[in-house]
Amino acid sequence: MSEQPVKTVVPRERPVKSPCISVCALNAQDLCEGCFRSGTEISHWGTMNNEERRAVLKLCTERARQMGRLW
């Protein structure tokens, strides 16, 4: 009798949540005043993988600091 291979179930990662806070207004630099994403980042969010989303969130944090909104 041959042994059946053990199947390892890898839990699927949840999608990284959008930083949107429903304050949607792009400034002169094309950055949202609410979430600090660019217009392009906002429009591509739905097709980004989690790694790309995390990179955008890092940029958002840096932008918020540069704009004096986060310290």
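Remark: D30 engages L26, S38 in a side chain to side chain contact (heavy atoms under 4.5 Å, CB included) (not counting sequence neighbours).
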Review point. Run the side chain to side chain contact (heavy atoms under 4.5 Å, CB included) check on N27 and M67 step by step: do they pass?
Key: CA-CA 12 Å; N27 64 22; M67 295 169 76; 3.6 Å; yes
Exercise for review: Please step through side chain to side chain contact (heavy atoms under 4.5 Å, CB included) for the pair C32 and E41, ending with a clear verdict.
Suggested key: CA-CA 10 Å; C32 177; E41 291 164 346; over 6 Å; no
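Residue L59 holds its CG atom at 12.0 Å from CZ of R37, rounded to the nearest 0.5 Å.
Closest approach of C35 to P19, counting heavy atoms only: CB-O, 3.5 Å. Listed here is the closest heavy atom pair of M48 and R53: O-NE, 3.4 Å. In plain terms, the two heavy atoms of G34 and I21 that are nearest each other are O-CD1, 3.5 Å. For the pair L31 and F36, the tightest heavy-atom approach, listed with the atom from each and the gap, is CD2-O, 4.0 Å. When all heavy atoms of C20 and C24 are compared, the closest pair comes out as SG-SG, 4.1 Å.
More than 12 heavy atoms of other shown residues, nucleotides or ligands fall within 6.0 angstrom of atom CZ in R69.
The pair R54-E13 meets the salt-bridge criterion, with a side-chain N (NZ, NE, NH1 or NH2) lying under 4.0 Å from an Asp/Glu carboxylate O.
Proximity of a side-chain donor or acceptor of N50 to a complementary backbone N or O of R14 within less than 3.5 Å is detected.
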